[in-house]
Colleague: 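Pasting a structure below so you can have a look.
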Amino acid sequence: MKTQGEDSSAFGTPELRTHFIRNRIREDVAAGRNDGRVITRFPPEPNGFLHIGHAKSICINFGMADEFGGSTNLRFDDTNPEREEALYYERIMEDVRWLGFDWQALHHASDYFEQLYGFACELIERGLAYVDSLSAEQMREYRGTLTEPGRASPDRDRAIAESLELFKRMRAGEFSDGSYTLRAKIDMSAANINLRDPILYRIRKIPHHRTGDRWCVYPTYDFAHGISDAIEGITHSLCTLEFEDHRPLYDWLLDHISIDCHPQQIEFARGNIDFTVLSKRRLKRLVTEGHVDGWDDPRMPTLAGLRRRGYPPLAIRRFWESVGVSKSESIIPMIVLENAVRDELNERAPRSMAVLRPLKIVLSNFPADETRWLEVPLHPQREEMGTRRIAITREIYIEQDDFMLDPPGKFFRLKPGGEVRLRNAFIIRCDEVVTAADGSVDHLVCSFDPDTMSGLPGASRKVKGTIHWVSASHGKRATVRLYDRLFSVANPTADRDTDFIEHLNPQSLETIDDAVIEPDLAAQPSGHQVQFERTGYFAVDPDSTPEQPLLNRTVSLRDSWAKIAQS
RNA sequence: UGGGACGUCGCCAAGUGGUUAAGGCACGGGGUUUUGAUCCCCGCAUUCGUAGGUUCGAAUCCUACCGUCCCAGCCA
């Protein structure tokens with residue numbers, strides 16, 4: 001298996017941080033356990049899109065196997081036809097690949113239904129499972145509570161032959177949904193509720209998207225998961241903390257059936273991120289209730305959304321690697337993720353200039369009919385990326401924010417009578433402010449100093465500020481979408497009495513229709529990433545066309561001026 | 001009130017009886033810069049949830065307490 005993790009610079013520092021899972025696997029390999037093999041699996045349920053939280057699990061599962069020369073299986077945990085849909089399979093595979101990982105084998109828990117059924121029969125034969133006729137409600141009563149032990153079902157001592165017969169008839173479709181279940185016979189008084197005779201099979205007369213109507217009994221997660229791991233020869237079954245309580249059951253099952261593989265389940269803490277939600281249920285609500293524009297809305301923390309937003313997959317991988325792996329629950333500031341994205345994009349995004357909110361400038365001493373072409377670098381620190389040509393003309397646009405009539409002292413940009421450098425060009429002076437009838441600034445008349453053109457000796461003259469610009473006649477109109485955090489509070493689900501929907505940030509999307517970009521950019525394909533100098537990183541949206549360019553802001557640049565201006 | 005787990009700098013997180021208690025992000029200060037970006041320096045826990053105890057020596061061992069999370073789906 002080859003992944004991007006093997007790229008030379010994939011993880012800037014050769015030293016990967018140590019964490020308990022990495023240590024544990026290292027020990028296992030060193031001790032020669034499993035003949036030194038490391039085989040993991042990533043087991044999504046096909047009932048929604050993958051999000052940044054899943055990416056952590058993907059990185060750990062694929063990453064560990066990769067690191068120790070092992071392999072990883074992608075396995076769809078499709079044991080519940082009631083909640084799963086065929087359309088998700090393809091999207092999930094696409095997202096895993098997008099992150100740069102490839103699986104050794106593709107499996108489905110449903111591929112093992114026949115074997116699973118066989119193991120269930122074996123448990124019955126050994127007197128370790130029985131068919132129960134308790135209703136869901138009765139079962140809840142019999143189960144006891146957190147502090148009181150449960151009671152044995154009247155069917156607990158059903159004869160083996162009878163259970164076997166009933167289980168066959170369950171499979172044959174002779175009984176209705178909910179009338180019978182198959183339960184493991186473990187310990188109704190166990191302090192761990194998962195061991196109070198957990199359900200192994202339930203009747204669901206619903207067609208399965210892969211097995212059709214061949215089955216009407218379906219195994220539960222607990223029964224199917226560990227056995228599927230064992231069937232595939234998984235060595236390390238890495239999952240999240242909420243399954244810690246299930247490990248005794250995972251082990252019990254594998255200890256009581258005839259299978260010669262016993263993977264080790266190891267649990268790690270999920271990674272939460274502030275100002276967003278990471279649960280399929282909640283994300284689904286955002287989509288179905290129309291609060292966002294689909295699973296791949298760039299504001300969504302789904303991998304599909306982040307991809308459309310312009311997040312590089314490598315940034316996501318480095319982010320999780322930098323966060324580390326532990327067992328303590330954490331909420332990671334969104335800014336950490338954004339910085340990982342900035343680091344990655346700073347390295348390789350070509351530079352461009354774009355004016356989001358145009359203010360026209362007339363260069364009074366620039367010939368009206370002249371276009372001067374400038375050869376400028378695509379990246380200030382990486383010459384090998386080459387150059388681009390941009391046009392400068394008598395009329396240009398600058399950013400409205402880069403001009404102030406009466407600015408505070410620390411303002412380094414343009415003001416009446418002041419000078420500023422036009423990036424990649426020359427120094428201009430603001431000679432005249434032309435106001436509109438309503439008193440607002442209509443445009444500026446400026447003169448430029450030809451001696452200060454980039455490349456000329458006079459270019460060394462220093463002025464306080466440098467601003468970006470685009471030729472009014474050569475620039476192209478574009479729509480730009482500026483995204484902000486989806487929620488206005490750090491932890492939208494903290495308060496159980498308030499619907500998280502109420503915390504949605506009404507300003508999470510701002511669409512600007514009359515931005516002006518360098519014309520070459522309009523022809524770039526969907527997904528193309530650039531840095532608009534002084535503004536941020538942007539990605540060409542899939543809906544963009546050369547006639548109607550559409551760009552999404554991935555993340556802004558760090559802005560220390562914003563901090564100064566605020567205070 | 002049962003069981004499982006977790007509490008080390010604002011946020012993550014190394015550390016498993018003897019270290020000046022790593023590192024990253026954030027933050028503060030300085031330098032370079034035709035992006036107030038990037039980059040580069042420097043600073044940033046006498047202290048490890050609390051209280052006792054063991055020890056020549058503890059974040060690391062013991063005891064008690066406090067706090068947070070998960071578990072009573074025929075979900076995963």
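In the text below, chain A, chain B and the rest are named by the order of the sequence lines, each starting its count at 1.
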Colleague: For Arg247(A), answer base if it contacts any base atom (sugar-phosphate contacts may also be present), sugar-phosphate if it contacts only those atoms, and nothing otherwise; contact means non-hydrogen atoms under 4.0 Å.
Modeller: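 No contact.
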Colleague: In whole angstrom, give me the gap between the P atoms of C41(B) and G24(B).
Modeller: 11 Å
Colleague: CD1 of Ile331(A) versus P of C6(B): gap in Å, rounded?
Modeller: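 Distance check: Ile331(A) CD1 to C6(B) P gives 19 Å.
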Colleague: Got Glu419(A) and Arg429(A) here, is their nearest side-chain heavy-atom distance under 4.5 Å?
Modeller: yes
Colleague: What distance, rounded to whole Å, do you find between the two P atoms, one in U8(B) and one in U38(B)?
Modeller: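 Taking atom P in both U8(B) and U38(B), they lie 30 Å apart.
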Colleague: Return whichever of Thr452(A) or Met139(A) has its heavy-atom-nearest nucleotide of RNA chain B closer to the 5' end.
Modeller: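 Comparing both residues, the 5'-ward one is Thr452(A).
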Colleague: What's His246(A) touching, base or sugar-phosphate or nothing? Going by heavy atoms closer than 4.0 Å.
Modeller: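 Base contact - His246(A) has a heavy atom under 4.0 Å of at least one base atom.
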Colleague: Using the P atom on both, measure A64(B) against G10(B) and round to a whole Å.
Modeller: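 Roughly 30 Å separates the two P atoms.
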Colleague: With sugar-phosphate meaning primed atoms plus P, OP1 and OP2, does Ser326(A) contact a base, only sugar-phosphate, or nothing at under 4.0 Å between heavy atoms?
Modeller: sugar-phosphate
Colleague: What is the distance, rounded to the nearest whole Å, between atom CZ of Phe20(A) and atom P of G7(B)?
Modeller: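 Distance check: Phe20(A) CZ to G7(B) P gives 11 Å.
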Colleague: Is the shortest distance from a Lys or Arg side-chain nitrogen in Arg41(A) or Glu232(A) to a carboxylate oxygen in the other one below 4.0 Å?
Modeller: no
Colleague: Would you check if Trp561(A) stacks with the base of G36(B), given a 5.5 Å centroid limit and a 30° plane limit, both strict?
Modeller: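 Whether judged by distance or by angle, Trp561(A) passes, so it stacks on the base of G36(B).
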Colleague: Do Arg485(A) and Phe275(A) meet the cation-pi criteria used here (NZ or CZ under 6.0 Å from the six-membered ring centre, within 45° of the axis)?
Modeller: yes
Colleague: For Val131(A), is there any backbone N or O sitting under 3.5 Å from a side-chain donor or acceptor partner on Arg158(A)?
Modeller: yes
Colleague: May I ask you to list the residues of residues 183-192 of chain A, by number, that have any heavy atom positioned under 4.0 Å from an atom of RNA chain B?
Modeller: Ala191(A)
Colleague: Which one, A37(B), G2(B), C6(B), comes nearest to the side chain of Ser328(A)?
Modeller: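 The listed nucleotide nearest to Ser328(A)'s side chain is C6(B).
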Colleague: Tell me what Asp245(A) touches on the nucleic acid: a base, only sugar-phosphate, or nothing, going by heavy atoms under 4.0 Å.
Modeller: base
Colleague: Contact class for Pro248(A) (heavy atom, under 4.0 Å): base, sugar-phosphate, or nothing?
Modeller: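 No contact.
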Colleague: Contact class for Val325(A) (heavy atom, under 4.0 Å): base, sugar-phosphate, or nothing?
Modeller: sugar-phosphate
Colleague: Just compare A76(B), A14(B), A72(B) and give me whichever is closest to any side-chain atom of Thr18(A).
Modeller: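 Closest of the options to the side chain of Thr18(A): A14(B).
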Colleague: If the glycosidic angle is within 90 degrees of 0 it's syn, otherwise anti, so just tell me which one G73(B) is.
Modeller: syn
Colleague: Quote, to the nearest angstrom, the C1' distance that separates U63(B) from G73(B).
Modeller: 39 Å
Colleague: For Ala425(A), report the nucleic acid contact type (base, sugar-phosphate, nothing); a contact means any heavy atom under 4.0 Å.
Modeller: base
Colleague: Kindly indicate whether the side chain of Ser57(A), heavy atoms from C-beta on, has any atom under 4.5 Å from the side chain of Leu238(A).
Modeller: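 No; the side chains remain at least 4.5 Å from each other.
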Colleague: What residues from residues 193-200 of chain A pass a heavy-atom cutoff of under 4.0 Å to RNA chain B?
Modeller: Ile193(A), Ile199(A)
Colleague: Base, sugar-phosphate or nothing for Thr220(A)? Non-hydrogen atoms, less than 4.0 Å.
Modeller: sugar-phosphate
Colleague: May I ask you to establish whether Arg423(A) and Trp469(A) are in a cation-pi arrangement, using a distance under 6.0 Å from NZ or CZ to the six-membered ring centre and at most 45° from the ring axis?
Modeller: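 Geometry flag: not set, cation outside 6.0 Å or 45°.
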Colleague: Touch check for Glu267(A), heavy atoms < 4.0 angstrom, all strands: base, sugar-phosphate only, or nothing?
Modeller: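 Nothing, no nucleic acid heavy atom in range.
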Colleague: Would you mind classifying the nucleic acid contact of Asn23(A) as base, sugar-phosphate or nothing, using non-hydrogen atoms under 4.0 angstrom?
Modeller: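 Result for Asn23(A) = sugar-phosphate.
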Colleague: Rounded to whole Å, please give me the gap between CH2 in Trp320(A) and P in A13(B).
Modeller: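 About 10 Å, once rounded to whole Å.
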Colleague: Within this structure, what is the CZ-to-P distance between Arg558(A) and U38(B), rounded to whole angstrom?
Modeller: 5 Å
Colleague: Base, sugar-phosphate, or nothing for Arg143(A), non-hydrogen atoms under 4.0 angstrom?
Modeller: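 Answer is sugar-phosphate: Arg143(A) comes under 4.0 Å of backbone atoms only.
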Colleague: Under the 3.5 angstrom rule, does the side chain of Arg169(A) hit a backbone N or O of Gly173(A) as a donor-acceptor pair?
Modeller: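 Absent.
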Colleague: Assign Asn346(A) to base, sugar-phosphate, or nothing according to its heavy-atom contacts below 4.0 angstrom with the strands shown.
Modeller: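 Since only primed, P, OP1 and OP2 atoms lie under 4.0 Å of Asn346(A), the category is sugar-phosphate.
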Colleague: When the distance from CZ of Arg342(A) to P of U35(B) is rounded to whole Å, what number comes out?
Modeller: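 The answer, rounded to whole Å, is 18 Å.
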Colleague: Can you measure Ile273(A) atom CD1 to C25(B) atom P for me and round it to whole angstrom units?
Modeller: 17 Å
Colleague: Roughly, in whole Å, what's the span from CZ in Arg140(A) to P in C75(B)?
Modeller: 12 Å
Colleague: Within the 4.0 Å heavy-atom criterion, would you say Gly324(A) contacts the bases, only the backbone, or no part of the nucleic acid?
Modeller: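 Result for Gly324(A) = nothing.
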Colleague: For Gln381(A) and Ile335(A), find the nucleotide of RNA chain B closest to each by heavy atoms; which residue's nucleotide sits nearer the 5' end?
Modeller: Ile335(A)
Colleague: I'd like to check the salt bridge (Lys or Arg N to Asp or Glu O under 4.0 Å) partners of Glu67(A); sequence neighbours left out, ordered by chain and number.
Modeller: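 With sequence neighbours excluded, Glu67(A) shows a salt bridge (Lys or Arg N to Asp or Glu O under 4.0 Å) to Arg22(A), given in chain and number order.
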Colleague: Taking any heavy-atom pair under 4.0 Å as a contact, classify Lys464(A): base, sugar-phosphate, or nothing.
Modeller: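 Here Lys464(A) touches no strand at all.
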